[in-house]
Amino acid sequence: KQEVTQIPAALSVPEGENLVLNCSFTDSAIYNLQWFRQDPGKGLTSLLLIQSSQREQTSGRLNASLDKSSGRSTLYIAASQPGDSATYLCAVVILTGGGNKLTFGTGTQLKVEL
Amino acid sequence: DAGVTQSPTHLIKTRGQQVTLRCSPKSGHDTVSWYQQALGQGPQFIFQYYEEEERQRGNFPDRFSGHQFPNYSSELNVNALLLGDSALYLCASNWKAREQFFGPGTRLTVL
């Protein structure tokens, strides 16, 4: 059974810091991996999707890496801003039953302070 | 393109009642998946519909059922509501096995 773990559970940093969020998964047979952002009480916003054949993806101040063999992914946020405050969720995507299914971690709650 | 839409936004029910949540997929998508997100947890996969049939299912009891219509929209039904069913219910749509796009969710509170 695939299990996804995110560390740390919560993080508070001053504005401007670079930070790393960690995600680990137990079964390396994944189709791809996604990072999402979730604001309180809201739905999920996809940030980055890394195909299983890729090592990393970048979008603006965000960079996500994937090491399938070790079951790890990291999300790097450069020059953090108060607007980055949210919960960040990692999800592994597997192909099953003719479709795909996401298994999520419990998230990292990030607070960026002025 | 309106993206994935869900209704209602919020819902309050009492234990034992039944509830129906609705989802309209993103234009061009043929597959709808439902997820349950309890407070402080990551979303948990409930089931997925394709061609009006349940294609795969997560570890949820039979009280959770669904339906997909010919226009690809979908409903999630929950019978005999329990306090533990209180959660944010997320719908996601995609085409074939491509990336899933999520709706804003329906917040269900069971009293």
Side-chain angles (χ1 to χ4, degrees), chain A residues 1-10 21-26 29-52 54 57 59 64 73 86-110, chain B residues 2-7 9-10 21 23 25-26 29-51 53-60 68 72 74 86-109:
Chain A
K1 177 189 172 188
Q2 178 75 266
E3 292 185 3
V4 181
T5 304
Q6 291 188 246
I7 294 173
L21 308 182
N22 297 292
C23 171
S24 61
F25 47 95
T26 54
I30 65 171
Y31 182 53
N32 54 44
L33 184 143
Q34 270 184 281
W35 282 92
F36 293 89
R37 169 187 172 135
Q38 186 173 36
D39 292 294
K42 303 294 185 183
L44 306 181
T45 300
S46 180
L47 298 173
L48 290 164
L49 183 152
I50 312 176
Q51 303 282 357
S52 61
Q54 296 176 315
Q57 278 284 352
S59 176
S73 175
T87 296
Y88 290 80
L89 291 157
C90 159
V92 297
V93 185
I94 62 170
L95 295 181
T96 176
N100 59 359
K101 182 179 85 168
L102 277 66
T103 301
F104 287 85
T106 53
T108 293
Q109 190 171 8
L110 172 65
Chain B
V4 181
T5 60
Q6 293 186 243
S7 63
T9 305
H10 296 90
L21 310 182
C23 172
K26 187 175 168 68
H29 288 183
D30 58 5
T31 302
V32 172
S33 303
W34 287 91
Y35 295 81
Q36 179 197 64
Q37 186 178 23
L39 199 61
Q41 301 297 314
Q44 298 288 319
F45 175 75
I46 304 175
F47 44 52
Q48 184 177 87
Y49 277 83
Y50 172 71
E51 292 190 341
E53 290 193 359
E54 183 182 292
R55 179 155 67 181
Q56 51 182 322
R57 188 180 184 93
N59 189 25
F60 279 80
Q68 186 180 35
Y72 307 116
S74 176
S86 295
L88 180 68
Y89 288 84
L90 295 163
C91 168
S93 73
N94 62 309
W95 179 75
K96 304 299 183 189
R98 302 290 178 89
E99 180 181 357
Q100 293 187 12
F101 290 80
F102 284 79
T106 293
R107 171 71 63 187
L108 172 64
T109 302

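Protein chains get the first letters and strands the later ones, always in sequence-line order, with residue 1 at the start of each. What you see is a predicted model, and the numbers here were worked out from it, not measured in a lab. Computed over heavy atoms, backbone and side chain alike; hydrogens, waters and symmetry mates excluded.
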Contacting moiety of [X], where chain B heavy atoms sit under 4.5 Å:
{"X": "A/Leu89", "value": "side chain"}
{"X": "A/Thr96", "value": "both"}
{"X": "A/Gln38", "value": "side chain"}
{"X": "A/Lys101", "value": "both"}

message: As an exercise, state the distance from NZ of A/Lys42 to CG of B/Leu90, rounded to the nearest 0.5 Å.
response: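 Interatomic distance, A/Lys42 NZ to B/Leu90 CG, rounded to 0.5 Å: 12.5 Å.
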- prompt: Rounded to the nearest 0.5 Å, how far apart are OG1 of A/Thr106 and CD of B/Gln41?
  reply: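 Going from OG1 on A/Thr106 over to CD on B/Gln41, the span is 6.5 Å.
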field: Winner by heavy-atom pair count (cut-off under 4.5 Å) against chain A, out of B/Ala97, B/Pro43, B/Pro104
entry: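 Max contact count across the listed options: B/Pro43.
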- prompt: For the candidates B/Gln6, B/Lys96, B/Glu99, which exhibits the highest count of non-hydrogen atom pairs separated by less than 4.5 Å from chain A?
  reply: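 So the answer, after comparing B/Gln6, B/Lys96, B/Glu99, is B/Glu99.
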message: For B/Gln56, I'd like to know if atom CD has over 12 heavy atoms of other residues, nucleotides or ligands within 6.0 Å.
response: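 More than 12 heavy atoms, drawn from other residues, nucleotides or ligands, come within 6.0 Å of this atom.
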query: Taking atom CZ of A/Phe104 as the centre, does the number of heavy atoms from other residues, nucleotides or ligands within less than 6.0 Å exceed 12?
result: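 Yes, the 6.0 Å shell around CZ holds more than 12 heavy atoms from other groups.
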message: Heavy-atom pairs under 4.5 Å with chain B: which of A/Gly105, A/Gly99, A/Gly43, A/Ala91 has the most?
response: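 It is A/Gly99.
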field: Polar side chain donor-acceptor pair, A/Gln34 to B/Gln100, under 3.5 angstrom
entry: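 No, B/Gln100 and A/Gln34 have no side-chain donor paired with an acceptor closer than 3.5 Å.
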message: Before we go on, tell me: are the rings of B/Phe102 and A/Phe36 under 6.0 Å apart, centre to centre?
response: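 They qualify: ring centres under 6.0 Å apart.
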- prompt: Would a distance-only check, ignoring hydrogens and angles, find a side-chain to backbone donor-acceptor pair under 3.5 Å from B/Tyr35 to A/Leu102?
  reply: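 Present.
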query: Within the side chain of A/Asn100, is there an N or O that forms a donor-acceptor pair under 3.5 Å with the backbone of B/Arg98?
result: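 Judged by distance alone, yes, a pair lies under 3.5 Å.
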- request: Side chain from CB out, backbone as N, CA, C, O: work out which of these in B/Gln37 comes under 4.5 Å of a heavy atom of chain A, or both, or neither.
  value: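 Only the side chain of B/Gln37 comes within 4.5 Å of chain A.
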query: Of the backbone (N, CA, C, O) and the side chain (C-beta and beyond), which part of B/Arg107 lies under 4.5 Å from a heavy atom of chain A, both, or neither?
result: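 Looking at B/Arg107, just its side chain touches chain A.
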